[in-house]
2 protein chains.
Amino acid sequence: MSIVRRLEPIHLKSLRDHVHDTLREAIISGRFRTDEKLNERQLAAELGISTTPLKEALRQLETEGLVRTEARRGSYVTFNARQAEEMMLARAALESVMAQQAARHATDAQIALMKTHIEQMRAALQEADIARLIELNEYFHDTIHDASSCEYLRRLQNGQRMYDHAARVTVLADETERVRSFAEHEAIMLAIAERNEDEAERLMREHVMLAGEKHLITVFSYTPAEKRK
Amino acid sequence: MSIVRRLEPIHLKSLRDHVHDTLREAIISGRFRTDEKLNERQLAAELGISTTPLKEALRQLETEGLVRTEARRGSYVTFNARQAEEMMLARAALESVMAQQAARHATDAQIALMKTHIEQMRAALQEADIARLIELNEYFHDTIHDASSCEYLRRLQNGQRMYDHAARVTVLADETERVRSFAEHEAIMLAIAERNEDEAERLMREHVMLAGEKHLITVFSYTPAEKRK
DNA sequence: AGTTGAAATTTGATATATCAAGCTGTGAAA
DNA sequence: TTTCACAGCTTGATATATCAAATTTCAACT
């Protein structure tokens, strides 16, 4: 059906992307205070680069919503509990749409791959191999993104990848969560395999919301205003 | 309850933002072919600026998903019917979450403002004042965004503002659509006023999807793969 | 005819220099 | 004590110069 790819194309990452990733990771893992000022020259000096790639990275962080820039004033970190909650809401919204699209567009090969992931997760769950579980978790979601054929949505989602990873690490540390998470993943896979778009969407939404709320409570001791009915 | 704002803060828009807006508008309204290459020096020369602000604008467009940059190769426009469909899906996902949050967080003053918008829309609808209707439409959605207290989601959504505007212009040109759109807006406002979060979310989602599909069909003669059940 | 490879050229990536807006602090005038 | 003006400094915005990767061209070779 499709030609086997012998070699992956080479992608060099530019200095800008490197800076972008580095800053993003630092902000999300809390190494910058909220509203901390980011001095272009000082940061560039710290990183040992010129201001040009740094400025570009700041612009990317800005559109991602992690940095706010006031003209001729400076750039400031923007990250707090409310923002983390919004990132969870955004993730729930986007992932659920992609799950719905995956139920519509997935190839049989992609569905088979998801089934494989589920089986590997079942094994990792029993062995309590958390690192492996996190890895499989990300493969599973990636496969769904792939299957959705949603390039644009994926890119939007991508800005949150670091945050999603942090959330997974937190949530999967807890045994009860691991068991529930696995059951949810299996249900999502089955809904996609059955081409049940609405069910896939609903389940994914529920899955992300539950994991997200757990993460918020654990890390920020933050409970969303009130539970939805 | 809240202090009346006497003066709006002054916001100078930088050259970068100007370039960003200009290019975004040009791409979405189709003045660049899909996959057209964007030559940094040539574009900078055309705009009469240096490459620095242009590069920054390109980075913003890149995270917004309208431009794709391959390191040491160049930047290319990314916009086609499938992407337009995905933008519609993203809008539906994000706007519906904001509607849900608005039902939770809106102040009485914000709800009153929305009611005002609805009444003004009713008048504009009867007079078939399309320009006014488009304007009110945008005020109405903005008020919901405000009421949701979702800064981050708003920012994500903001990358699509131009596209949303284009969609409104297309859709509201049609009388049947105007009438339906108005009814949907009124229902959304009522759901938010009643603090019915789930209903507000569902209605907003439906509203955006219907308008989006109409727009796709009109502009791209593009029907999404198949209607959802 | 097809392939190869090195020179020429294009172009994005990066560095550096310059400009101008905003902040700070001092001191004099009211 | 308060106000205000101005100088000096900081810093983001912008322009320009330099570097190096990628593409193209075209002739030599098989």
Side-chain angles (χ1 to χ4, degrees), chain A residues 6-24 26-27 32-79 155 158, chain B residues 7-24 26-27 32-79 155:
Chain A
R6 303 288 300 278
L7 295 171
E8 284 297 312
I10 294 171
H11 288 300
L12 296 174
K13 69 178 152 213
S14 61
L15 197 45
R16 169 220 322 152
D17 289 333
H18 211 266
V19 173
H20 179 211
D21 288 347
T22 305
L23 285 179
R24 181 158 67 180
I27 292 172
F32 287 93
R33 269 176 296 108
T34 299
D35 289 325
E36 179 162 351
K37 179 162 188 182
L38 298 174
N39 182 308
E40 291 192 355
R41 286 176 194 181
Q42 182 189 321
L43 263 182
E46 269 182 51
L47 294 164
I49 58 171
S50 83
T51 62
T52 313
L54 178 69
K55 287 174 80 66
E56 293 186 70
L58 285 177
R59 295 297 85 76
Q60 296 186 287
L61 291 168
E62 194 183 351
T63 31
E64 279 173 21
L66 292 176
V67 158
R68 158 180 47 93
T69 298
E70 296 175 23
R72 281 164 241 275
R73 291 275 177 80
S75 298
Y76 302 85
V77 171
T78 299
F79 191 69
R155 191 182 304 268
N158 206 40
Chain B
L7 294 171
E8 284 297 312
I10 295 172
H11 287 300
L12 296 173
K13 66 182 152 207
S14 61
L15 199 44
R16 171 218 321 152
D17 290 333
H18 211 266
V19 173
H20 179 211
D21 287 348
T22 305
L23 285 179
R24 181 158 68 178
I27 291 172
F32 287 93
R33 269 177 295 109
T34 300
D35 288 325
E36 180 162 350
K37 179 163 187 181
L38 298 174
N39 183 309
E40 291 191 355
R41 287 179 193 181
Q42 181 189 322
L43 264 182
E46 270 182 52
L47 293 164
I49 59 170
S50 83
T51 61
T52 313
L54 178 69
K55 289 174 77 68
E56 293 186 69
L58 286 176
R59 295 296 84 76
Q60 296 186 288
L61 291 168
E62 192 183 351
T63 32
E64 280 174 20
L66 293 176
V67 157
R68 158 181 46 93
T69 299
E70 297 174 22
R72 283 161 238 276
R73 290 274 176 80
S75 298
Y76 302 85
V77 171
T78 299
F79 192 68
R155 190 183 303 268

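Keep in mind that what you see is a predicted model, and the values were worked out from it rather than measured. Letters A, B, ... mirror the listed sequences (proteins, then strands); counts begin at 1.
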Ignoring hydrogens and angles, tell me if any N or O in the side chain of Glu36(A) forms a donor-acceptor pair with the backbone of Arg33(A) under 3.5 Å.
yes

Ser75(B) backbone acceptor or donor facing Thr69(B) side chain under 3.5 Å:
no

Nearest whole angstrom, please: distance from the P of dT10(D) to the NZ of Lys37(A).
12 Å

Tyr76(A) OH to dT11(D) P, in whole Å, measures 10 Å

Remember a base hit wins even if backbone is also touched, and classify Leu38(A) as base, sugar-phosphate or nothing at under 4.0 Å, heavy atoms.
sugar-phosphate

Would you please confirm or rule out a distance under 4.0 Å between OP1 or OP2 of dT10(D) and any side-chain N or O of Asn39(A)?
no

Length of the CD-P vector between Glu70(A) and dT11(D), whole Å
15 Å

For the pair made of CZ in Arg16(A) and C1' in dT11(C), what is the distance, rounded to whole Å?
14 Å

With a 3.5 Å cut-off and just heavy-atom distances, do the side chain of Arg41(B) and the base of dG12(C) make a donor-acceptor pair?
yes

Given atom CD1 of Ile49(A) and atom C1' of dT16(C), what is their separation to the nearest angstrom?
14 Å

Is Thr51(B) touching bases, backbone alone, or none of the nucleic acid, heavy atoms closer than 4.0 Å?
base

From the list dA15(C), dA15(D), dG22(C), which nucleotide is the closest neighbour of the side chain of Arg73(A)?
dG22(C)

Please figure out whether Ser50(B) or Gly74(A) has its closest DNA chain D nucleotide nearer the 5' end.
Gly74(A)

Taking atom P of dA21(D) as reference, at what distance in whole Å does atom CD of Glu40(B) sit?
17 Å

Within the modelled atom types, does a donor on one side and an acceptor on the other bring the side chain of Ser14(A) and the base of dA13(C) under 3.5 Å apart?
no

The single option from Arg59(B), Arg16(B), Arg155(B) passing salt bridge (charged side-chain N to carboxylate O under 4.0 Å, His left out) against Glu62(A)
Arg16(B)

Partners passing salt bridge (charged side-chain N to carboxylate O under 4.0 Å, His left out) against Arg24(A) (at least two apart in sequence or in another chain)
Asp21(A), Glu64(A)

Report yes if a side-chain nitrogen or oxygen of Lys55(A) is closer than 4.0 Å to either non-bridging phosphate oxygen (OP1 or OP2) of dG12(D); otherwise report no.
no

